[in-house]
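Only one structure is covered here, and it is reproduced in the block below.
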Amino acid sequence: MKKLFCLLFPVLLLAGCGAKPAPVWIAAGHKQLETFKQDFLTGREPPITEIHFRKAVEEIKKGGDADLLGKAWLTRMALQVAVREELEEGEYLKTEAVEAVPANRNFYRFLKGDAATVDVSLLPDPYRPFWMAFRSGDAAKAAVTIAAIEDPLPRLIAAGLAVSHRLENDAILQIAVETASRNGWKRALLAWLERLKSSHEAAGDAAKATAIRSRIDMMMK
């Protein structure tokens with residue numbers, strides 16, 4: 001999850017984010033988080049998936065760094081947004097109580113969709129145009145800014161954040177479906193196909209809804 005960490009939090013966190021090599025415990029934590037990310041998005045068995053996250057947390061705790069531990073929990077929350085699941089925020093809040101890091105707290109508020117309190121200047125650059133569209137409440141503008149995010153996971157996170165706060169249109173749903181499909185993220189793809197099917201059903205387009213249902217059934221066999 002090196003790339004995601006570097007994108008979400010522009011600090012020297014892992015080897016590759018800066019010139020200096022990362023300490024062993026950070027590198028080990030990164031490796032476990034990378035595996036967790038792939039397992040989570042593709043829908044591997046939960047017990048196996050969770051093992052990697054627990055190991056990542058164990059490695060990060062070796063350094064006693066509340067900042068990095070908070071980032072790990074925020075990464076988990078961001079993945080939950082990407083697959084349209086309810087946020088599990090309890091462990092992040094416990095970590096924040098130990099040390100309140102402004103960038104972490106700001107990203108937490110971003111994931112919660114708290115338009116009134118998010119400081120745009122503290123967000124990573126790729127999210128800033130999206131957040132301005134999000135705050136405007138314009139779904140068409142949001143779709144354009146989501147499509148412009150180059151990295152697929154932050155693109156999916158932005159789409160999940162928009163839809164969870166009723167900023168939704170067909171373009172956003174299609175972007176999310178295509179992003180998940182292209183990357184082989186089965187768990188995410190199924191979640192977004194279900195949402196797209198519901199959207200077509202609500203619009204009275206039975207043919208499109210049936211076609212998506214058939215695609216879901218094919219993936220589950």
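Residue numbers run from 1 in the order of the sequence given.
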Nearest 0.5 Å please: distance from the [atom1] atom of [X] over to the [atom2] atom of [Y].
X	Y	atom1	atom2	value
Ile146	Leu167	CD1	CG	7.0 Å
Lys141	Met132	NZ	CE	9.5 Å
Glu194	Leu189	CD	CG	10.5 Å
Glu178	Asn183	CD	CG	9.0 Å
Ser198	Ile212	OG	CD1	9.0 Å
Thr145	Arg128	OG1	CZ	14.5 Å

- Message: Does the plane of the ring in Phe40 sit parallel, tilted or perpendicular to the ring in Phe36? Use 30° and 60° as the thresholds.
- Response: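 Geometry flag for Phe36 against Phe40: tilted rings.
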Before accepting this row, confirm whether a basic side-chain N of the pair [X]/[Y] lies closer than 4.0 Å to the acidic partner's carboxylate O.
X	Y	result
Glu34	Lys31	no
Glu50	Arg76	yes
Glu59	Lys62	yes

Of the non-hydrogen atoms in [X] and [Y], which two are nearest, and what is the gap between them?
X	Y	result
Ala66	Glu99	CB-OE1, 3.6 Å
Ser164	Leu161	OG-O, 2.9 Å
Leu122	Pro102	CD1-O, 4.2 Å
Ala142	Ile172	CB-CD1, 4.2 Å
Ala56	Gly29	CB-O, 3.7 Å
Leu156	Ala188	CD2-CB, 3.8 Å

Would [X] end up clustered with [Y] when hydrophobic side chains under 4.5 Å apart are linked, directly or stepwise?
X	Y	result
Val144	Ile175	no
Val98	Ile60	no
Trp73	Leu93	yes
Val24	Leu69	no
Val101	Val57	no

Keeping [X] on the side-chain end and [Y] on the backbone end, is there a donor-acceptor pair under 3.5 Å?
X	Y	value
Lys186	Met219	yes
Thr42	Gln38	yes
Gln80	Glu88	yes
Asn104	Asp67	yes
Arg155	Ala148	no
Tyr92	Arg105	yes

Residues forming a salt bridge (charged side-chain N to carboxylate O under 4.0 Å, His left out) with [X], sequence neighbours excluded:
X	value
Lys112	Glu89
Arg84	none
Lys94	Glu91
Asp39	Arg44

- Query: Of Val81, Ile149, Asp151, which is the lone residue that meets side-chain contact (heavy atoms from CB on, under 4.5 Å) with Ile157?
  - Reply: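 The passing option is Val81.
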Below 4.5 Å, heavy atoms only, C-beta onward: do [X] and [Y] meet side chain to side chain?
X	Y	result
Val118	Phe134	no
Tyr108	Met77	yes
Leu190	Met220	yes
Ser199	Leu173	yes

- What's the verdict on side-chain contact (heavy atoms from CB on, under 4.5 Å) for Thr35 and Lys55, showing C-alpha distance, side-chain angles and the deciding distance? CA-CA 11 Å; Thr35 303; Lys55 287 183 177 179; over 6 Å; no
- Leu153 vs Leu79, side-chain contact (heavy atoms from CB on, under 4.5 Å): CA-CA, chis, key distance, verdict: CA-CA 8 Å; Leu153 186 49; Leu79 290 170; 3.8 Å; yes
- Item | ring-ring contact (aromatic ring centres under 6.0 Å, His included) contacts in which one or both residues fall within residues 173-221, not counting sequence neighbours | none
- Message: Is the distance from the ring center of Phe130 to that of Tyr127 below 6.0 Å?
- Response: no
- Task: Sorted by first residue and then second, give each side chain to side chain donor-acceptor pair (under 3.5 Å) pair with at least one member in residues 168-177; sequence neighbours left out.
- Result: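 Checked against side chain to side chain donor-acceptor pair (under 3.5 Å) - neighbours excluded - the pairs reaching residues 168-177 are Glu168-Arg195.
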- Message: Please determine whether side-chain contact (heavy atoms from CB on, under 4.5 Å) holds for the pair Lys71 and Leu33, giving the CA-CA distance in whole Å, both sets of side-chain angles, and the decisive distance to 0.1 Å.
- Response: CA-CA 11 Å; Lys71 286 173 169 56; Leu33 278 171; over 6 Å; no
